[in-house]
*Asks:* 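The structure is given below, and queries will be raised subsequently.
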Amino acid sequence: MSEENGSLWTHLAAPAPDLSPLQGARSADLLVIGGGFLGLSSALHAAEAGLSVVLIEAQGPGFGASGRNTGFVVPSLKSALGPAEVEGALGQPYSERLLRLVAGSGDAVFGLIDRFGMDVAKARNGWLQPGHSAQAEAMLQARLPALRAAGVTVDFLDRSEMLAVTGLPALHGGLRVASGGQINPLSYARGLARACLSTGVALHCDSPALRLERSVDRWRAETPGGSVTAPRVLLATNAMIGGLEPRMRDTLVPVKVYQVATQPLPTELRRRILPACAPVADTRRHTFALRWTEDNRLVTGGMVAPLPGRDGLARRGFLARLRAFVPDCPPLRAEHVWTGNIAATLDALPRITELAPGLTGAIGCNGRGVALTTALGRELGRWLAGGSAADGLPLPPTPPHPIPMARLSGLGPHLWLPWSSLRDRRDSRST
């Protein structure tokens with residue numbers, strides 16, 4: 001079984017369950033392709049609703065973005081998407097459903113961890129979203145009534161209050177969402193895999209789907225060692241769709257994101273910086289995000305320009321960013337640097353895509369994968385099991401809508417990076 005995904009979390013995570021590749025021919029009510037948070041949550045909830053489920057994963061649980069991210073549990077969409085923007089994009093009733101799903105997504109994550117007794121390092125002391133400027137602070141404060149109406153347990157911290165809980169003087173006031181927090185993401189993916197096994201899901205690693213074909217009223221997926229037939233298939237690969245389903249691949253923007261973890265740091269610094277272990281992600285276009293790990297490291301990250309030596313650029317660039325934000329920090333080393341692709345959409349909203357009868361895909365966590373995909377997987381699993389009608393989903397199932405020049409779309413965010421970073425600096429200096 002594949003164990004490594006190159007991240008710090010591989011050194012800290014709880015052991016993976018003992019899984020084997022698919023061998024021979026299998027049949028099921030539902031086939032899930034992809035063993036990240038979305039696929040695992042969907043399979044788990046579909047099995048709990050009574051379906052026989054087979055899940056095939058090309059590597060191991062959490063190998064992709066699910067096990068490589070910063071592990072923020074964020075009951076929020078991207079900062080550009082407040083309740084008004086979501087309603088403008090989706091209309092009623094879907095905007096209300098999606099906002100309520102997102103509001104409860106932190107509960108979905110921590111509830112599963114507790115219900116199945118998962119061995120996951122976690123801290124549920126809220127999630128912080130400060131503004132990066134006075135204008136951003138005012139925008140966040142104006143969102144409070146709509147967020148509370150959508151079910152979010154949120155309060156507003158002025159700049160001095162935000163400084164008290166972060167220790168970071170460059171940040172402005174902003175939001176504290178009580179139901180958020182942080183986890184070891186790879187441990188969580190492995191815990192979901194164990195939960196799937198306990199509910200009867202047949203979960204196979206090292207089993208990439210090589211071909212997917214429809215015959216009469218059933219789908220057949222071939223892997224190197226076998227095949228699975230099922231009347232319903234969920235594609236839950238997000239940015240790692242590869243060539244399996246080009247229509248799905250062409251609806252997303254793959255964005256390469258780097259993470260950097262420092263050496264273990266002194267306890268004194270941990271008492272000053274994020275003392276409650278509540279992760280922070282501000283409103284910059286190139287977001288500044290920061291958290292502590294269970295072994296006393298700071299983790300931050302973001303995008304890096306597509307130039308030669310990107311690992312080195314990530315090390316130097318994000319350490320310099322940390323030194324600029326963290327007052328009186330000791331000398332820092334980047335002991336771990338890793339990368340992965342997130343699946344973005346042009347409007348920063350997730351998608352449920354109906355590709356053909358019985359073939360559904362879901363994409364577009366846009367960097368909010370831990371909480372959003374867990375909660376969305378719960379709804380998808382129940383829907384695929386027939387427990388709810390499509391008009392009860394938090395998103396309307398739609399045909400695929402390819403992005404123009406999709407094969408080059410992944411370059412866009414990186415080409416935009418210098419301009420967005422310049423605008424962030426200008427915003428910060430103007431207040």
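Please read these numbers as outputs of a predicted model, since none were measured by experiment.
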*Asks:* Go through Leu393 and Ile352 one step at a time and tell me if the side-chain contact (heavy atoms from CB on, under 4.5 Å) criterion holds.
*Replies:* CA-CA 9 Å; Leu393 285 170; Ile352 297 175; 4.1 Å; yes
*Asks:* Using side-chain heavy atoms (C-beta onward) and a distance below 4.5 Å, is Pro75 in contact with Val152?
*Replies:*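 Side-chain contact under 4.5 Å: no.
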*Asks:* State the OG-CD distance between Ser7 and Gln259, to the nearest 0.5 angstrom.
*Replies:*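 The CD atom of Gln259 is 9.5 Å from OG of Ser7, to the nearest 0.5 Å.
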*Asks:* Could you tell me if the side chain of Met248 sits less than 4.5 Å from the side chain of Ile363, heavy atoms only?
*Replies:*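 Result yes, sub-4.5 Å side-chain heavy-atom pair found.
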*Asks:* How far does CG of Leu319 sit from OG1 of Thr262, to the nearest 0.5 angstrom?
*Replies:*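 Between Leu319 CG and Thr262 OG1, I get 8.0 Å after rounding to 0.5 Å.
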*Asks:* Nearest 0.5 angstrom please: Leu313 CG to Met303 CE, how far?
*Replies:*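 Going from CG on Leu313 over to CE on Met303, the span is 14.0 Å.
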*Asks:* What residue among Trp9, Phe116, Phe37, Phe110 forms ring-ring contact (aromatic ring centres under 6.0 Å, His included) with Tyr188?
*Replies:*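 Exactly one option meets the ring-ring contact (aromatic ring centres under 6.0 Å, His included) with Tyr188, and it is Phe37.
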*Asks:* Hey, is the main chain of Leu38 close enough, under 3.5 Å, to the side chain of Ser41 for a donor-acceptor pair?
*Replies:*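 Absent.
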*Asks:* His45 and side-chain contact (heavy atoms from CB on, under 4.5 Å): which partner among Leu112, Leu380, Thr374, Leu384?
*Replies:*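 Only one option passes, and that is Leu112.
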*Asks:* Check each of His286, Glu137, Arg285 against His132 using the side-chain contact (heavy atoms from CB on, under 4.5 Å) test, and report the only one that passes.
*Replies:*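 Output: one option passes, namely Arg285.
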*Asks:* Is there a donor-acceptor contact under 3.5 Å linking the side chains of Glu354 and Thr360?
*Replies:*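 Short answer, yes.
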*Asks:* Are the side chains of Asn69 and Val370 in touch, meaning some heavy atoms are under 4.5 Å apart?
*Replies:*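 Yes, side chains in contact.
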*Asks:* Identify the two heavy atoms, one from Gly62 and one from Ala189, that lie closest to each other, and give their separation to 0.1 Å.
*Replies:*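 Scanning both residues, the minimum pair turns out to be CA-CB, 3.6 Å.
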*Asks:* What's the verdict on side-chain contact (heavy atoms from CB on, under 4.5 Å) for Arg190 and Met118, showing C-alpha distance, side-chain angles and the deciding distance?
*Replies:* CA-CA 9 Å; Arg190 292 173 174 179; Met118 297 181 192; over 6 Å; no
*Asks:* Quick check: does any side chain N or O of Glu57 sit under 3.5 Å from a backbone N or O of Leu203, one acting as donor and the other as acceptor?
*Replies:*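 No, Glu57 side chain to Leu203 backbone: no donor-acceptor pair under 3.5 Å.
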*Asks:* Is the shortest heavy-atom distance from the side chain of Leu12 to the side chain of Asp295 under 4.5 Å?
*Replies:*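 They are in contact (side-chain heavy atoms under 4.5 Å apart), so the answer is yes.
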*Asks:* Could you go step by step and tell me if Gln129 and Asp282 meet the side-chain hydrogen bond (donor to acceptor under 3.5 Å, both in side chains) rule?
*Replies:* CA-CA 5 Å; Gln129 186 179 37; Asp282 73 1; over 6 Å; no
*Asks:* So how far is it from Leu40 CG to Arg194 CZ, rounded to the nearest 0.5 Å?
*Replies:*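 Reported to 0.5 Å precision, the distance equals 12.5 Å.
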*Asks:* Short question: side chain of Thr237, backbone of Gly34 - any donor-acceptor pair under 3.5 Å?
*Replies:*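 No: the side chain of Thr237 does not pair with the backbone of Gly34.
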*Asks:* Could you check if a side-chain atom of Leu349 sits within less than 4.5 angstrom of a side-chain atom of Leu395, using non-hydrogen atoms only?
*Replies:*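 The answer is no, as the side chains (C-beta and beyond) never meet within the 4.5 Å cut-off.
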*Asks:* Taking the six-membered ring of Trp383 (Phe, Tyr or Trp), confirm whether the NZ or CZ of Arg232 is under 6.0 Å from its centre and within 45° of its axis.
*Replies:*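 Yes, Arg232 sits over the ring of Trp383.
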*Asks:* Tell me whether Glu85 contacts the main-chain N or O of Gly82 through its side chain, where contact means a donor paired with an acceptor under 3.5 Å.
*Replies:*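 Yes.
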*Asks:* So does Thr70 get a backbone contact from the side chain of Arg291, meaning a donor-acceptor N/O pair under 3.5 Å?
*Replies:*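 A pair under 3.5 Å: yes.
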*Asks:* Could you tell me which non-hydrogen atom of Val74 sits nearest to which non-hydrogen atom of Ala371, and how far apart they are?
*Replies:*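 Scanning both residues completely, I find the closest heavy atoms to be O-CB, 3.6 Å.
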*Asks:* Identify the heavy atoms of Arg159 and Leu171 that sit nearest to each other, and give their distance.
*Replies:*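 Shortest heavy-atom contact: NE-O, 3.2 Å.
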*Asks:* Can you list the steps and then say if Leu128 with Leu175 is a side-chain contact (heavy atoms from CB on, under 4.5 Å)?
*Replies:* CA-CA 6 Å; Leu128 303 170; Leu175 305 178; over 6 Å; no
*Asks:* Please say whether the positively charged group of Arg68, taken as NZ for Lys or CZ for Arg, lies over the ring of Phe63, i.e. under 6.0 angstrom from the six-membered ring centre and within 45 degrees of the axis.
*Replies:*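 Cation-pi check for Arg68 and Phe63: passes.
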*Asks:* What I'd like to find out is whether the side chain of Leu359 reaches to under 4.5 Å of the side chain of Arg214, using heavy atoms alone.
*Replies:*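 Heavy-atom side-chain distance check fails, nothing below 4.5 Å.
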*Asks:* Pro130 versus His172: any side-chain heavy-atom pair under 4.5 Å?
*Replies:*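 They are not in contact (no side-chain heavy atoms under 4.5 Å apart), so the answer is no.
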*Asks:* Output yes when Arg124 and Asp107 qualify as a salt bridge under the 4.0 Å nitrogen-oxygen rule, no when they do not.
*Replies:*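 Salt bridge: yes.
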*Asks:* Under 3.5 Å, is there a donor-acceptor pair linking the side chains of Asp29 and Ser52?
*Replies:*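 Present: a donor and an acceptor within the cut-off.
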*Asks:* Looking at Ser42 and Gly39, would you say the former's side chain and the latter's main chain have a donor-acceptor pair under 3.5 Å?
*Replies:*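 No, because the side chain of Ser42 does not come within donor-acceptor range (under 3.5 Å) of the backbone of Gly39.
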*Asks:* Within this structure, what is the CG-OG1 distance for the pair Leu51 and Thr199, rounded to the nearest 0.5 Å?
*Replies:*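 Leu51 CG to Thr199 OG1: 11.0 Å, rounded to 0.5 Å.
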*Asks:* Of all heavy-atom pairs between Ala13 and Ser187, which one has the smallest distance, and what is that distance?
*Replies:*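 So the minimum-distance heavy-atom pair works out to CA-OG, 3.1 Å.
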*Asks:* Between Arg115 and Glu48, does at least one N-O distance fall below 4.0 Å, as a salt bridge requires?
*Replies:*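 Counted as a salt bridge, because a side-chain N and a carboxylate O are separated by less than 4.0 Å.
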*Asks:* Between Arg310 and Val304 (side chain of the first, backbone of the second, donor and acceptor by atom type, cut-off under 3.5 Å), is there such a pair?
*Replies:*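 At least one qualifying donor-acceptor pair exists.
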*Asks:* Whether Glu213 and Arg211 form a salt bridge (side-chain N of Lys/Arg under 4.0 Å from carboxylate O of Asp/Glu) is what I want to check.
*Replies:*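 No.
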*Asks:* Quick one: does Thr166's side chain have a donor or acceptor within less than 3.5 Å of a partner on Leu168's backbone?
*Replies:*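 Answer holds: yes.
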*Asks:* Looking at Ala43 and Val53, what are the two nearest heavy atoms and their distance?
*Replies:*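 Closest approach of Ala43 to Val53, heavy atoms only: CB-CG1, 3.8 Å.
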*Asks:* Tell me whether the NZ or CZ atom of Arg321 lies within the 45° cone about the ring axis of Phe318 and under 6.0 Å from its centre.
*Replies:*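 That pair does not qualify as a cation-pi contact.
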*Asks:* Step by step, work out the side-chain contact (heavy atoms from CB on, under 4.5 Å) result for Thr10 and Leu186.
*Replies:* CA-CA 7 Å; Thr10 61; Leu186 186 56; 3.8 Å; yes
*Asks:* Hey, can you tell me if Phe288 and Phe325 have their rings parallel, tilted or perpendicular (30° and 60° cut-offs)?
*Replies:*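 Aromatic pair Phe288/Phe325 classed parallel.
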*Asks:* Using a strict threshold of under 4.0 Å (side-chain N to carboxylate O), is an ion pair present between Glu222 and Arg220?
*Replies:*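 Salt bridge present between Arg220 and Glu222.
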*Asks:* Within the 4.5 Å heavy-atom criterion, are Leu355 and Pro400 side-chain neighbours or not?
*Replies:*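 In contact.
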*Asks:* Do any N or O atoms from the side chain of Glu379 and from the backbone of Leu376 form a donor-acceptor pair under 3.5 angstrom?
*Replies:*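 No; judged by distance alone, with no hydrogens or angles, the pair does not exist.
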*Asks:* What is the minimum heavy-atom distance between Leu30 and Ala46, and which atoms define it?
*Replies:*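 Residues Leu30 and Ala46, closest heavy atoms: CD2-CB, 3.6 Å.
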*Asks:* Out of curiosity, Ile113 CD1 to Lys122 NZ, how far, rounded to the nearest 0.5 Å?
*Replies:*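 Output value for this atom pair is 6.0 Å.
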*Asks:* With distance as the sole test, does Thr293 use its side chain to make a donor-acceptor pair with the main-chain N or O of Arg297 at under 3.5 Å?
*Replies:*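 Yes, because the side chain of Thr293 sits within donor-acceptor range (under 3.5 Å) of the backbone of Arg297.
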